[in-house]
Amino acid sequence: MLRYPDLVTLYCETAKQEFSGPHGQYADVSYTLALLKDRMRVSVVAGQTPIRFLRLRWRFTAEERRNDRIRIYGDAWERAGGTLEWRGIVPERVMPWFMLVSNGSDADFDVSGRRTDAYGVCVQPNAFCFWQYDAAGVTLWVDLRNGGSGVLLGGRELEACTVLFRTYENCSAFSAGEQFCAEMCPAPKLPKQPVYGANNWYYAYGKSSHSEILTDTEILAERCKGMENRPFMVIDDGWSPNPKNGPWTRGNERFPDMRRLAGEIAKKGARPGIWVRYIYDEKQVCDLPKDWHYPHDPDFLDPSHPKVLEYIAETTRRFVDWGYELIKFDCSTQDILGRRGYRTPDVIAPDGWHFFDRSKTSAEIILNFYRTIRAAAGEDVILLGCATVSHLSAGIVEVGRTGADINGYDWDITRRMGVNTLAFRMMMNNRLFAVDADCVGITEWLPWHYNRQWLKILACSGTPLFVSCKPGILDTAGLNELRDAYLQNSVQADKLIPLDWMENICPERWLLNGSEIWFDWFDDHVNSGFQGESKL
């Protein structure tokens with residue numbers, strides 16, 4: 001049962017103070033914990049004192065302590081990097097947003113006696129939050145910083161987060177995770193129809209053109225002919241005047257007319273989508289005012305600046321006016337905070353810097369960024385957040401790219417990033433958003449025997465399927481398999497569940513619509529990242 005923590009620790013910029021109970025005050029800073037039926041609201045008020053963290057600690061009572069054999073699942077800040085897993089107790093382990101503590105194994109179909117305890121915060125909190133679990137209790141860290149410095153609330157009250165504890169009995173850990181995700185996000189924003197289609201990134205890697213995109217569209221449309229739900233053709237990086245960068249007002253010489261391209265994609269039977277990296281402005285090529293950029297890293301725009309948000313809204317409205325029905329916005333977590341979430345073992349942002357607007361937490365600033373894009377895009381355009389913060393984007397974007405990049409050249413990277421992401425993030429699917437575990441990159445470098453399994457599992461996963469298929473690679477049989485995959489995924493009516501995910505970070509055993517299926521992910525010529533003989 002959720003209760004007030006036994007210890008609360010407030011971390012200011014130059015001081016630390018410990019408290020017990022639902023209220024506490026230090027200097028001009030105070031916190032309030034309010035139990036509201038089955039959840040707890042965490043609020044903070046501060047004047048001019050910069051505040052950094054609030055740490056909430058619950059010590060287990062004798063009745064609360066788990067004496068059975070348990071394993072613990074911890075999530076990631078944004079995309080997963082192939083390392084999501086169930087582990088034993090690791091007291092120092094940082095588990096962003098929520099954690100699951102479960103006994104037994106989902107590989108066993110008998111769920112009697114199974115128990116999963118879930119600890120988390122509701123989506124769209126105004127602080128970055130992570131959990132830790134040890135034999136004596138659980139700890140929630142509430143990161144209130146502004147960038148890498150204490151936030152200056154200026155006397156206002158901040159509702160930092162809402163805490164949930166739940167226990168699920170006599171069900172699998174996967175089922176418990178699904179139920180808990182639904183409770184953390186009671187109002188997901190889901191697409192009106194399943195999202196699927198093509199994206200040529202994993203064979204072209206930005207070396208594309210107007211005509212090549214239309215060729216890809218023709219291949220896609222032919223494979224999806226007659227399907228009621230039209231696929232998306234997403235133009236990825238490579239269309240703008242500068243690689244990975246704007247200005248976003250026009251295309252480059254290979255993409256002379258972005259409005260016309262959107263119309264031609266639509267005429268060929270697909271829905272046009274476009275890629276953008278809003279925050280990046282390397283060497284200030286977008287010719288934007290100097291004070292819109294970070295002083296500590298002028299290659300990036302500061303999304304706390306009101307003029308930057310206006311610029312982002314204007315860019316978004318331009319894409320909609322051009323006729324694009326899906327906007328894939330990428331790289332924003334690393335561009336805003338200076339770190340890739342899946343490579344961050346602890347707090348999401350490094351110390352020693354702050355935003356233009358110091359009165360808001362990093363989470364508030366990122367939420368404003370997402371909400372600005374949403375408002376400018378309108379309700380009918382699909383937002384695909386790639387490298388977005390999962391718990392902040394839930395309820396704002398329809399689709400979340402939840403894993404680091406697969407690879408068009410290396411099967412081992414595709415397996416490691418893709419399968420792990422699908423297995424461990426699938427419990428979020430249609431509960432936080434539609435879970436995009438990344439594309440199927442069909443190239444001459446990836447062994448089709450294994451890659452076709454990646455196509456098959458995504459097709460039947462009930463999650464979005466995007467394919468990067470290099471023209472001329474698939475024979476007639478392969479093209480027919482691709483059509484079958486698109487047909488199946490265009491409705492996304494299947495139910496897929498990982499079975500051995502509590503023992504295997506790259507699960508082989510799965511339950512598809514109630515029947516067990518197996519996948520063999522390992523190429524005999526691939527050795528899981530070890531590329532040479534030991535020098536020891």
Side-chain angles (χ1 to χ4, degrees), residues 1-11 16-24 31-44 52-77 84-104 114-123 125 127-144 160-169 173 176-177 179-181 183-185 344-348 363 390-391 424 427 502:
M1 295 293 292
L2 181 63
R3 54 181 171 80
Y4 291 124
D6 301 291
L7 179 68
V8 178
T9 308
L10 172 68
Y11 294 81
K16 179 179 78 172
Q17 188 69 33
E18 293 185 346
F19 304 91
S20 60
H23 307 283
Y31 74 85
T32 300
L33 309 178
L35 285 174
L36 308 170
K37 294 184 179 178
D38 58 354
R39 55 199 65 201
M40 186 180 76
R41 186 175 61 213
V42 179
S43 302
V44 182
R52 293 171 57 82
F53 298 94
L54 202 63
R55 177 182 180 269
L56 281 59
R57 170 69 173 172
W58 289 265
R59 290 192 63 86
F60 292 140
T61 64
E63 293 77 18
E64 292 169 337
R65 183 186 294 268
R66 296 287 297 260
N67 294 313
D68 48 351
R69 295 181 179 179
I70 58 171
R71 273 173 281 195
I72 303 165
Y73 169 81
D75 202 50
W77 288 117
L84 294 177
E85 63 179 322
W86 290 87
R87 300 175 66 183
I89 296 175
V90 182
E92 296 78 22
R93 184 184 181 191
V94 168
M95 292 174 278
W97 309 121
F98 73 101
M99 62 181 178
L100 305 174
V101 183
S102 190
N103 62 359
R114 297 291 303 279
R115 172 184 157 190
T116 301
D117 296 327
Y119 305 83
V121 296
C122 290
V123 300
F128 279 86
C129 302
F130 69 85
W131 295 86
Q132 292 180 310
Y133 189 100
D134 57 73
V138 299
T139 303
L140 170 63
W141 286 84
V142 182
D143 186 346
L144 300 164
C161 62
T162 300
V163 180
L164 298 175
F165 289 1
R166 293 290 186 270
T167 293
Y168 304 95
E169 297 184 308
Q179 294 176 67
F180 195 56
C181 285
E183 293 210 57
M184 289 188 292
C185 185
T344 301
D346 43 42
V347 293
I348 187 64
S390 57
H391 234 62
F424 286 83
M427 60 184 164
M502 299 182 77

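- Counting only heavy atoms from C-beta outward, the side chains of S20 and L7 never approach each other to under 4.5 Å.
- Test Y4, F19, Y11 against Y31 for ring pair (Phe, Tyr, Trp, His ring centres under 6.0 Å) and you get one pass: F19.
- Counting only distance, with no hydrogens or angles, the side chain of R93 and the backbone of I72 share a donor-acceptor pair below 3.5 Å.
- Scanning both residues, A118 and L100, for their nearest heavy atoms gives CB-CD2, 3.6 Å.
- Contact of the R87 side chain with the R71 side chain is not registered, since no non-hydrogen atoms from C-beta on lie closer than 4.5 Å.
- A donor-acceptor pair is defined here as one N or O able to donate and one able to accept, closer than 3.5 Å; no such pair exists between the side chain of R115 and the backbone of N103.
- Looking at W86 and S102, their side chains come closer than 4.5 Å, going by heavy atoms from C-beta outward.
- In this structure the side chain of L2 reaches within 4.5 angstrom of the side chain of L35, judged on heavy atoms.
- Contact check for H23 versus L33: no side-chain heavy atoms found under the 4.5 Å cut-off.
- Each of L56, T32, V121 was compared with V42 under the side-chain contact (heavy atoms from CB on, under 4.5 Å) criterion, and only L56 meets it.
- Put simply, the side chain of R39 reaches to within 4.5 Å of the side chain of C122, judged on heavy atoms.
- Between A173 and M502 the shortest heavy-atom distance is CB-SD, 4.0 Å.
- With rounding to the nearest 0.5 angstrom, the CZ atom of R66 is 10.0 Å from the CD1 atom of I89.
- Using a 4.0 Å cut-off between charged nitrogen and carboxylate oxygen, R166 and E183 count as a salt-bridge pair.
- Remark: R41 CZ to S43 OG distance equals 5.0 Å, nearest 0.5 Å.
- The backbone N or O of V101 sits nowhere less than 3.5 Å from a side-chain atom of D117 that would complete a donor-acceptor pair.
- A heavy-atom distance below 4.5 Å is found between the side chains of F180 and L164.
- The one candidate from M99, M95, R59 that meets the side-chain contact (heavy atoms from CB on, under 4.5 Å) condition with V138 is M99.
- The two residues M427 and Y73 have their closest heavy-atom pair at CE-CE2, 3.4 Å.
- For the side-chain contact (heavy atoms from CB on, under 4.5 Å) criterion with F130, the lone passing option out of I348, V94, V142 is V94.
- In this structure, a donor-acceptor pair under 3.5 Å is present between the side chains of R57 and T139.
- Atom-to-atom distance recorded for L54:CG and C161:SG is 8.0 Å, nearest 0.5 angstrom.
- Between Y133 and the options F98, F60, W58, a ring pair (Phe, Tyr, Trp, His ring centres under 6.0 Å) holds for only F60.
- In this structure, CG on L10 lies 8.5 Å from CG on L144, to the nearest 0.5 angstrom.
- Note that the CZ atom of F53 and the OG1 atom of T9 stand 12.5 Å from one another [nearest 0.5 Å].
- Using a 4.5 Å heavy-atom cutoff, the side chains of E64 and R3 are in contact.
- No donor-acceptor pair closer than 3.5 Å links the side chain of R55 to the backbone N or O of L140.
- Within the 3.5 Å criterion, the main-chain N or O of W97 finds a donor-acceptor partner in the side chain of W131.
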